[in-house]
Q: 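Could you have a look at this structure, given as structure tokens, before my questions?
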Amino acid sequence: MKPEFYAGEVCAVARALIGCVVRHGETAGVIVETEAYHEREPASHSYVGLTARTATLFGPPGRAYVYRSYGVHAMLNAVAEPEGVGAAVLIRALEPLEGIELMRQRRGRERLEDLCAGPGRLTQALAIELRHNGGDLCGGPVTITPGPAAALEITVSRRIGITRAVELPWRYSVTGSRFVSRRGSTLVRPV
DNA sequence: CATGGGATTGACT
DNA sequence: GTCAATCCCATGC
């Protein structure tokens with residue numbers, strides 16, 4: 001995807017990223033679940049304003065924002081909206097596409113549904129680390145490109161794992177996909 | 001400088 | 001269902 005793709009409104013970008021392909025080296029997967037975050041709502045890291053941690057979020061669109069969650073997992077986001085606005089799309093789940101044996105090795109799991117269904121899982125499967133923070137998704141080691149064009153039905157629901165602004169319906173997922181994380185919450189509370 | 005809280009996962013009861 | 005692991009960094013003294 002080109003940089004201007006990411007400059008649009010963050011929820012529109014989050015929806016449009018469904019079906020695109022994330023690639024890192026030999027491994028790649030189709031995005032089946034995303035969430036939008038924006039500086040004007042308190043669940044976003046950028047809510048606190050421009051700090052060392054959030055600098056990437058306020059930078060140019062189309063970069064990767066990668067941070068550590070719970071001291072354990074790396075989370076991959078695509079920075080969205082124009083430079084100066086703190087917004088990003090969290091990539092929450094992929095359908096494994098290439099390098100599946102390598103993913104199995106890195107994850108220590110066999111089932112396809114266990115490789116990339118979750119934001120911490122997919123970064124482990126694709127070996128995406130904190131050092132990728134700030135990297136260009138249009139030409140860096142980690143890339144996002146258009147996927148096999150197919151009309152995907154998208155379910156809109158509430159975001160997962162947050163304690164503030166829980167009511168916003170800013171989570172997007174492929175309806176019925178077995179590669180989406182926490183499938184129960186998609187089915188129970190579609191918005 | 002000390003503290004506290006996560007955009008989670010996996011193991012265990 | 002419960003819970004620990006583990007580290008970055010924002011905040012407050």
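Lettering of chains follows the sequences in order, A, B, ..., and the numbering in each one begins at 1. This is a predicted model, so every value here is computed, not measured.
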Q: With a 3.5 Å distance limit and no angle check, can you tell me whether R107(A) reaches the backbone of M103(A) through a side-chain donor-acceptor pair?
A: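 Judged by distance alone, no pair lies under 3.5 Å.
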Q: So, does T34(A) use its side chain to make a donor-acceptor pair with the main chain of A14(A) at under 3.5 Å?
A: yes
Q: I need the CZ-P distance between R182(A) and dG10(B), as an integer number of Å.
A: 12 Å
Q: Shortest non-hydrogen contact from F179(A) to L112(A)?
A: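 Nearest pair, atom of F179(A) first, then L112(A): CE2-CB, 3.8 Å.
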Q: If only side-chain N and O atoms of R92(A) are considered, is one of them under 4.0 Å from the OP1 or OP2 phosphate oxygen of dT8(B)?
A: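 Yes, within the criterion.
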Q: Would you say R121(A) reaches dG10(B)'s phosphate, i.e. side-chain N/O to OP1/OP2 under 4.0 Å?
A: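 So the side chain of R121(A) is within the cut-off, an N or O lying under 4.0 Å from OP1 or OP2 of dG10(B).
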Q: Report yes if at least one side-chain N or O of R107(A) is closer than 4.0 Å to OP1 or OP2 of dG10(B); otherwise report no.
A: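 True: R107(A) side-chain N/O within range (under 4.0 Å) of dG10(B) OP1/OP2.
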Q: Any chance you could measure R159(A), atom CZ, to R171(A), atom CZ, to the nearest 0.5 Å?
A: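 Rounded to the nearest 0.5 Å, the CZ-CZ separation comes out at 11.5 Å.
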Q: Short question: side chain of T27(A), backbone of G99(A) - any donor-acceptor pair under 3.5 Å?
A: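 Checking the backbone N and O of G99(A) against the side chain of T27(A), no donor-acceptor pair under 3.5 Å is found.
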Q: Can you check whether R109(A) has a side-chain N or O nearer than 4.0 Å to OP1 or OP2 of dA11(B)?
A: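 For dA11(B), OP1 or OP2 has a side-chain N or O of R109(A) closer than 4.0 Å.
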Q: Using heavy-atom distances to pick each residue's nearest nucleotide on DNA chain B, tell me which of L122(A) and T163(A) is more 5'.
A: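 Counting from the 5' end, the first nearest nucleotide belongs to T163(A).
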Q: Could you state the OH-P distance from Y65(A) to dA7(B), rounded to the nearest angstrom?
A: 9 Å
Q: Would you mind reading off the distance between N77(A) atom CG and dT8(B) atom P, rounded to a whole angstrom?
A: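 Distance, rounded to whole Å: 11 Å.
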Q: R53(A) has an atom CZ; how far is it from atom P of dC9(C), in whole Å?
A: 7 Å
Q: dC9(C) C1' sits how many Å from N133(A) CG, rounded?
A: 13 Å
Q: Which part of the nucleic acid, if any, lies within reach of V72(A) when heavy atoms closer than 4.0 Å are counted: base, sugar-phosphate only, or nothing?
A: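 The residue V72(A) makes base contact.
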Q: Without decimals, in angstroms, what is the distance between R68(A) CZ and dC9(C) P?
A: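 It works out to 10 Å between those atoms.
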Q: Identify whether a stacking contact exists between Y67(A) and dA7(B), where the ring centres must be under 5.5 Å apart and the planes under 30° apart.
A: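 No; centroid distance or tilt outside limits.
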Q: Measure CZ/R111(A) against P/dG10(B) and give the value in whole Å, please.
A: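 Rounded to whole Å, this separation is 12 Å.
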Q: Across the strands shown, which category fits L90(A) at heavy-atom distances under 4.0 angstrom: base, sugar-phosphate, nothing?
A: base
Q: At under 4.0 Å, does any side-chain N or O of T51(A) touch on OP1 or OP2 of dA10(C)?
A: yes
Q: Select from H73(A) and L130(A) the residue whose nearest nucleotide in DNA chain C is closer to the 5' end of that strand.
A: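 It is H73(A) whose nearest nucleotide is closer to the 5' end.
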Q: Starting at atom CE of M75(A), determine the distance to atom P of dA7(B), rounded to an integer number of angstrom.
A: 8 Å
Q: For dT6(C), give the paired nucleotide (Watson-Crick: N1-N3 plus N6-O4 or O6-N4; G-U: N1-O2 and O6-N3; both under 3.5 Å), or none.
A: none
